[in-house]
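Have a look at the structure below before the remarks.
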Amino acid sequence: MENPLSIQIHNRERFENNQPGEWLKLPATAEQLHAAMLAIGVTTENRQDFFINGIDSPIAAVQRLPFEQVQAATVDELNYLAARLERLEPPELEALHAAGEVMGYWNDVHHLTEYIHNTEYFVYIPGVTAPAPLGQHFLHNSPIIQLPEGWTRAGESGRLGRRAAADG
């Protein structure tokens, strides 16, 4: 996927004077990062405190990250995440979205990056993007759980789906 993530970098002085930050598409080269830093007035001689002031991504899993966690990440971590996201094909992005919806524990850049490194650990079931459908899948379509006919209606599929997602 092209342009999986963009961040806006800013420095405190410009921010306090209501001057705009600089958007940087990730993954970025060292030269692109250097140019963005120069654009906001950060140089090796003038190492002002800079920070991430915005994020933009077409990927739902990235959009779901709390902004404070994105701000806590380094530019290198975000750049690495973007490089990994850029390599994903549409079916892998769909699996990423489904896993994020069902598991719901991605609250920082590290967890999201770990998922992308360990996609073979997760099972993607097309069309299952929430705990209740996951529980229904296990109750009705999976050989893992075998219940007598009629008993499957008594199971709470949402609870089963959350448990299945938590247990991996």
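Source: prediction; values computed, not measured.
- Shown here are the side chain to side chain contact (heavy atoms under 4.5 Å, CB included) partners of H110, two or more places apart in sequence or in another chain: D108, E114.
- Linking ILVMFWY residues whenever their side-chain heavy atoms come closer than 4.5 Å, directly or via other members, leaves W23 and I55 in distinct clusters.
- Nearest heavy atoms, E92 versus E89: OE1-N, 2.7 Å.
- Note on V75: it clusters hydrophobically with F67, by side-chain heavy-atom contacts below 4.5 Å among ILVMFWY residues.
- In terms of heavy atoms, P58 sits closest to P4 at CD-O, 3.6 Å.
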How far apart are the C-alpha atoms of L26 and L85, what are their side-chain angles, what is the distance that settles it, and do they pass the side chain to side chain contact (heavy atoms under 4.5 Å, CB included) test?
-> CA-CA 10 Å; L26 300 179; L85 289 168; over 6 Å; no
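- With sequence neighbours left out, A61 forms a side chain to side chain contact (heavy atoms under 4.5 Å, CB included) with I59, R64, L96, W106, L112.
- Side-chain contact check for I9 versus N53: every heavy-atom pair is 4.5 Å or farther apart.
- With hydrogens and angles ignored, the 3.5 Å screen pairs no side-chain donor or acceptor of S57 with any backbone N or O of Q63.
- Using a 4.5 Å cut-off on side-chain heavy atoms (C-beta onward), V109 and V62 make no contact.
- The side-chain hydrogen bond (donor to acceptor under 3.5 Å, both in side chains) search around N79 returns none, not counting sequence neighbours.
- Counting all heavy atoms, side chain and backbone alike, E86 lies closest to P27 at OE1-CG, 3.4 Å.
- Rounded to the nearest 0.5 Å, atoms CE (M37) and OG1 (T43) are 10.5 Å apart.
- F15 is linked by a ring-ring contact (aromatic ring centres under 6.0 Å, His included) to H10, F51, counting only residues two or more places apart in sequence or in another chain.
- Applying the salt bridge (charged side-chain N to carboxylate O under 4.0 Å, His left out) rule to pairs touching residues 12-41 yields R12-D49, sequence neighbours excluded.
- Residue L33 is not grouped with residue Y80 when hydrophobic side chains (ILVMFWY) are merged at heavy-atom distances under 4.5 angstrom, including chains of intermediate members.
- The two residues I52 and A73 make their nearest non-hydrogen contact at CD1-O, 4.0 Å.
- In this structure, Q32 and L24 have side chains that are in contact, with non-hydrogen atoms separated by less than 4.5 Å.
- Residues that satisfy the side-chain hydrogen bond (donor to acceptor under 3.5 Å, both in side chains) test with Q71, not counting sequence neighbours, are absent from this structure.
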